Structure formats: structure tokens, C-alpha cells
Amino acid sequence: MNPARVLAVVTPYTVTPGLMDALQVTVLVLVAAGATAVVLTRVSARQVIALSVYGLLLAVLFLTFQAPDVTLSELTVGAVALPILLLLTLAKVRRREK
Amino acid sequence: MTARQRLWAFLTGMAGLAAFYLWGLAGLPGFGAYPGPYGDIINRIALAQTNATGVVSAVNFDYRGFDTVGEEFILFAAATGVATVLRHLRGERERAARDEALGVNAPPTSEAVRMTALILAGPVLVLGWFLASHAQTSPSGGFQGGVVLATAFILVYLAGQFLALRRISPVDITDAVEAVGAGGFAAVGIAAVGMGLAYLTNFLPLGTIPGAVSSSGTIALISFFVGLEVGAAFILIVSELLEQTLLLREESR
């Protein structure tokens with residue numbers, strides 16, 4: 001949308017665009033760091049925890065890009081549901097290896 | 001192929017990839033630019049047409065409700081698949097698992113974990129219910145609410161009460177709830193067809209106050225059904241995976 005057409009909505013929570021940009025860049029860097037951490041973690045159980053933290057970071061990323069609905073989905077699926085399923089699967093696979 | 005040749009093959013491939021990638025990046029619209037008309041149109045008309053202040057939910061459960069039916073049945077099929085595969089394995093290995101369990105010394109759950117899980121279970125249940133029933137007024141919806149609802153049940157397991165988990169979510173009832181959730185969504189759509197409207201037309205009264213819980217007609221109803229389906233499906237998948245772990249824990253005590 002053409003920025004000139006958008007009427008600025010000012011709320012008590014409104015921050016300056018510069019601050020918002022800084023926040024977005026910070027979170028983007030954190031997400032990149034989190035993804036790297038997931039790849040570099042070699043112990044699978046720890047990797048699942050790292051993946052959960054990465055899911056949390058992604059959720060914050062979506063929030064800073066004004067997508068609260070995707071934030072909620074990512075929180076539930078990326079930070080909770082997926083790690084639980086992976087941990088349970090790991091427990092199952094390990095038992096069979098013994 | 002020598003190491004040197006491999007390196008050159010890799011570098012050639014990387015150069016090609018980088019060239020196409022940069023070319024593609026150069027063609028992207030500017031950061032934050034939105035060229036399509038649909039989002040703007042929906043933003044302007046959604047509130048008047050559906051009485052839902054959660055416009056994302058209005059899009060999910062009304063404007064593109066047919067897409068969402070498909071998505072919901074993906075999860076339904078996934079849960080059915082997991083149940084089928086794991087049931088087969090369980091039957092095959094049940095005796096072996098029992099024998100193994102006698103030799104396994106599972107560490108007991110720490111008191112801190114039990115306490116935290118017990119304290120969180122109630123509020124999480126309420127939060128899940130809130131998310132699933134407030135799609136029309138907030139960026140939540142049945143998908144998120146359903147997973148949060150299921151998390152409350154998993155917290156009960158974490159608190160060490162696996163027998164309680166079994167008692168509050170017996171497989172028969174969870175199966176039935178999942179079927180009601182999945183079928184309910186489809187049935188709302190078919191009900192519209194029965195009234196001579198298009199599939200999934202929003203045929204219920206929209207309410208008078210935009211954003212009230214009672215507003216938005218079928219949007220709230222469908223979100224509720226999706227919440228049931230997702231919650232039950234997730235509980236089913238997790239308890240299928242837990243089944244053997246529960247057996248082991250129980251016998252090693």
C-alpha cells in the first residue's frame with residue numbers, strides 16, 4: 001500500500017519507525033543465531049530444546065512484523081507441539097536401540 | 001573424481017546458484033510493499049460483512065473456509081496415520097516392552113516439574129478455551145486454541161499423573177471428540193448447501209455488536225469445532241507416542 005495513503009494510527013504503544021526497524025533487525029539477527037545454534041547442537045535431546053527456543057524467537061519475529069495470528073500459531077506449534085512430539089519420538093527410538 | 005575437480009564442480013554450482021538468487025532478490029518488491037488488492041479490500045469490507053473484528057479469522061473460516069476444511073483434514077489424516085502405525089507396532093512389541101521395563105530404572109519426576117505443571121494446567125486449559133472461542137474478536141482461533149487445550153492435558157501427564165491423563169482423556173472419548181470436530185466443520189458447510197446457499201456460506205445471524213463473542217455467525221462456530229478437532233488430534237498423537245513410555249514408567253516403580 002502506498003504509505004502516503006495510510007493514516008498514522010497513534011496509540012499509547014506507538015513507537016517511532018526507527019525504533020521499530022531496530023527491533024526488527026535485532027530479532028532477525030537473533031533468529032539467525034538461533035537457527036545456527038539448532039544446527040550446531042549435536043546431542044539430539046538438547047537440539048530439541050534449542051529448536052523450541054528457536055520457535056519462540058520466530059514467534060517474536062512474527063510479532064514484530066505485525067502478524068499476531070501467525071505468532072500464536074508459531075508459539076503453539078513451533079515452541080510446544082513440535083518439541084513434545086520430537087522428544088517422545090526420541091524416547092521411543094532410544095528404547096528400541098537398547 | 002579428484003578433490004580438485006569436485007571443488008570446481010562445487011564452485012561452478014555455487015556461482016550459478018548465487019547468480020540466480022541475486023537475480024531473484026533484485027526482482028522482489030520493496031520491503032513492506034503490498035501490491036495485491038485483496039488485503040486492502042478485505043480490510044475495508046470484512047467488519048461490515050461478518051461482524052468479526054478478528055479479520056484473520058474471518059478470512060480463515062469464512063472467505064477461504066473451503067481451504068481451511070482441507071487443512072483441518074490434513075491434521076485429521078495425520079492423527080489417523082500416527083494412530084494406525086503406532087497401534088501396529090504396539091501390538092507387535094508389547095511383550096518385549098514389558099520385559100524391557102523390568103530392567104529400566106526411570107528417574108522419578110522432580111518435585112519442581114510436578115508443581116509447575118500442576119499450577120499451570122488449570123490456567124492453560126482456560127487460555128486454550130479462550131483462544132478457541134474468541135477467534136472472531138482476536139488473532140487467535142481454533143488451531144492455536146486446540147493445541148493449547150491439548151497442552152493442558154500434557155501438563156497433567158508431566159505432573160506425573162499418567163493414570164489421571166488416561167482417566168480424563170480416554171481414547172474412545174478423544175476419538176469421538178476429534179470426529180465431532182472434523183465432522184462439525186464439514187457439517188456447517190453442508191448445512192449452508194441444504195439451505196440453498198454456497199458451501200460454507202455464513203448463514204447464522206451475525207449479532208449486533210461487532211467483536212462480541214456471540215457475533216460473526218458461523219466463524220465462531222467453525223473455530224470452536226476446529227479447536228475440538230485440533231485439541232483431540234494432538235492429545236491422540238501424544239498419547240499414542242506416550243503409551244509405551246507410560247507402561248515402562250508404571251512398571252519400573
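Bear in mind the structure is a predicted one, so any value in this text is a computation, not a measurement. Order of the sequence lines sets the chain letters (A, B, ...), proteins ahead of strands, with each chain counted from 1.
With a 4.5 Å cut-off on non-hydrogen atoms, A:Leu85 touches chain B through its backbone and its side chain both. Both the backbone and the side chain of B:Ser140 come within contact range of chain A, with heavy atoms under 4.5 Å apart. Looking at A:Gln66, there are no atoms closer than 4.5 Å to chain B (heavy atoms on both sides), in backbone or side chain. Using a 4.5 Å cut-off between heavy atoms, B:Val238 contacts chain A through both its backbone and its side chain. Interface remark: B:Phe143 contributes no atoms to any contact with chain A (heavy atom separation under 4.5 Å).
The aromatic rings of B:Trp129 and B:Phe224 sit perpendicular to each other, their planes meeting at more than 60°, with 30° as the lower class boundary.
In this structure, the separation between OG1 on B:Thr174 and CD1 on B:Ile237 is 12.0 Å, given to the nearest 0.5 Å. Atom CD1 of B:Ile222 is separated from atom CD of B:Gln136 by 11.5 Å, given to the nearest 0.5 angstrom. In this structure, the separation between OG1 on B:Thr68 and OH on B:Tyr63 is 13.5 Å, given to the nearest 0.5 Å.
No donor-acceptor distance shorter than 3.5 angstrom exists from the side chain of B:Asn202 to the backbone of B:Asp62, with no hydrogens or angles considered.
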